[in-house]
Amino acid sequence: MKHLPRLAALFAALCLALAGCAPGAAPGSSAPLPGSSADVQPSAAASAKPAGEEYRAVWISYLEWQSADFSSEAAFRAQMGGWFDQYAAMGLNTVLAQVRPFGDALYPSAIFPWSSVCTGTQGRDPGFDPLAVLVEEAHARGLRLEAWLNPYRLALNDTVPGAFSADSLAAAHPEWVKQAAGGQYLDPSRPDVRDCIAAGVQEILDGYAVDGIHLDDYFYPTTDEAFDAAEYAAADTDLSLEDWRRDNVNALVRQLYQLVHAGGRTAGAVPLGISPQGNNDNNYAQQYSDAALWLSTPGYIDYAMPQVYWGYGYTTGSGSTRFAFENITAEWLALPRAEGVALYFGLGAYRIGDGDGGNYDHAQDQWQTGHNLADMVTTLRGAGADGFGLYRSDFLLRSAAWPQLAQAECAALTEVLHPEG
């Protein structure tokens, strides 16, 4: 197979460092993994957006992969080329491709099994390297390709992604796995889990010319005290449970930041970005992710892209307008930011036609104008934002429910992003 030399090289480079990720390794017994705080030093800052350009991204999630053609490299390459042609024509410049959705990978990995999205079965080799194709096809069109990872999630529920493969982390390290909300997650409190996640990022950086590492908003999956009561007790810390959990997440973010900024990579440093929820109270109190700290303190992230999926004038059932697009973006923009940290905004393309469900008169009709997303881009520019991302690709290019509205939104975005015509 074409990817076997790449995989062999990765095994050779990581065989010692990955001892802690291998089946049967004792927790905490491994040497420092690539990306652990013990073996990396910060280097020159990465650029979080194309030089001199507004950041203009689109997300491709595992849901898009469910309709992608993984039957052969030629078929996948042709399909991705068509998608990327449309992104480039619209004026976008960055693709956020989900390449590790459930502790599995869309590339040959020494750590994670093949993703079920490729063949329908976790661990089954599709016979080619989808991530290599994504990077090549994006770069051929002048697009950046960031690798989007979900660090902790192994299973959303009993059916997604389905049965784990025999070489999954859940099988190799059941002691790392926690149950929550019907799903399965790696334990954020374990240093060996953080080291394994970092080793997975190092593997991508060593093997692919990606233009960034992107994390979504999923950190702790629950606020239930029972989730990690034993680990918290064993930590014997003066921190509250909530602060201890935030400290665990912060440790991972710092570790990944050090890794992507470390020297020695031919392509140089790449940015680390996180897309937290638009409601920062939820980030802090429910998922234990301190986005305000990451923005304001050097050494955590290169950019944040909060998901502000509400319309102009959005009103809650209680009458609050805090999350109206114009208000919540201003709230984020008012947060202190360290030098060089960019702030983008995720926009809800999935709201096209259906609306945002708010308790106000224009909860649906503003999403049926055919230009709401373009209006938001214009508003963000006037407010001083550094760019935006569109969630997600299918709702723009392959909308089943609102195809004409989606086409109109794409045309309006194209006009805003190509004012010269």
Side-chain angles (χ1 to χ4, degrees), residues 55-70 76 79-102 106 115-118 130-131 134 137-138 143-150 153 156 160-161 210-218 273-278 303-311 325 344-357 367 370-374 376-377 380 387-414 417:
Y55 186 92
R56 307 169 175 178
V58 61
W59 276 282
I60 303 179
S61 78
Y62 78 92
L63 297 166
E64 271 78 16
W65 296 142
Q66 291 176 354
S67 63
D69 188 348
F70 288 94
F76 185 73
Q79 186 180 41
M80 293 304 104
W83 291 10
F84 292 179
D85 282 341
Q86 293 177 82
Y87 303 151
M90 195 185 306
L92 304 179
N93 55 30
T94 303
V95 178
L96 305 170
Q98 192 168 29
V99 299
R100 203 161 76 233
F102 297 103
L106 274 78
S115 178
S116 63
V117 301
C118 298
L131 179 53
L134 291 168
E137 294 301 314
L143 297 169
R144 302 170 70 256
L145 193 290
E146 295 192 28
W148 168 15
L149 318 174
N150 189 294
R153 184 178 65 195
L156 183 64
V160 180
V210 297
D211 300 292
I213 298 295
H214 180 85
L215 307 182
D216 53 33
D217 61 314
Y218 291 102
I274 297 179
S275 180
Q277 291 188 23
Y303 72 82
M305 186 155 55
Q307 302 166 18
V308 289
Y309 297 156
W310 305 285
F325 179 78
Y344 316 135
F345 289 92
L347 306 180
Y350 73 100
R351 302 291 204 185
I352 293 172
D354 290 328
D356 57 34
W367 295 97
H371 54 74
N372 207 41
L373 296 173
M376 289 175 169
V377 170
L380 291 175
F388 63 91
L390 302 168
Y391 185 81
R392 53 188 170 82
S393 179
D394 272 357
F395 290 94
L396 291 166
L397 304 185
R398 287 164 294 281
S399 172
W402 304 95
Q404 292 181 324
L405 276 177
Q407 290 172 14
E409 288 280 359
C410 288
L413 282 165
T414 301
L417 301 180

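- The number of heavy-atom neighbours closer than 6.0 Å to OH of Tyr218, taken from other residues, nucleotides and ligands shown, is 12 or below.
- Taking the side chain as every heavy atom from C-beta outward, Asp217 and Pro306 never approach each other to under 4.5 Å.
- Rounding to the nearest 0.5 Å gives a distance of 7.5 Å between CH2 of Trp367 and CD of Glu409.
- With sequence neighbours left out, Glu137 forms a side chain to side chain contact (heavy atoms under 4.5 Å, CB included) with Arg77, Phe84, Val133, Arg141.
- Here Leu413 contributes atom CG and Arg56 contributes atom CZ; the two are 10.0 Å apart, rounded to the nearest 0.5 Å.
- Using a 4.5 Å heavy-atom cutoff, the side chains of Trp83 and Arg398 are in contact.
- Judged as a side chain to side chain contact (heavy atoms under 4.5 Å, CB included), and not counting sequence neighbours, the contacts of Leu380 are Phe325, Thr329, Phe345, Leu347, Ala385, Phe388.
- For the atom pair CG of Asn93 and OH of Tyr55, the computed distance is 8.0 Å after rounding to the nearest 0.5 Å.
- Every side chain to side chain contact (heavy atoms under 4.5 Å, CB included) that Ala412 has, sequence neighbours left out, goes to His371, Ala374.
- Partners of Gln79 under the side chain to side chain donor-acceptor pair (under 3.5 Å) rule, at least two apart in sequence or in another chain, do not exist in this structure.
- The stretch residues 346-356 participates, sequence neighbours left out, in no salt bridge (charged side-chain N to carboxylate O under 4.0 Å, His left out) pair at all.
- Side-chain contact check for Leu396 versus Leu390: some heavy-atom pair is nearer than 4.5 Å.
- At least one side-chain heavy atom of Leu397 sits less than 4.5 Å from a side-chain heavy atom of Met90.
- For Gln66, the side chain to side chain contact (heavy atoms under 4.5 Å, CB included) partners at least two apart in sequence or on another chain are Tyr62, Leu63.
- A 4.5 Å side-chain heavy-atom check between Ser275 and Tyr344 finds every atom pair outside the cut-off.
- In this structure, Trp59 CH2 and Gln307 CD are separated by 5.5 Å, a value rounded to the nearest 0.5 Å.
- By the 4.5 Å heavy-atom criterion applied to side chains, Leu96 and Thr94 are counted as neighbours.
- Checked by atom type and distance alone, the side chain of Arg144 pairs as donor or acceptor with a backbone atom of Asp211 at under 3.5 Å.
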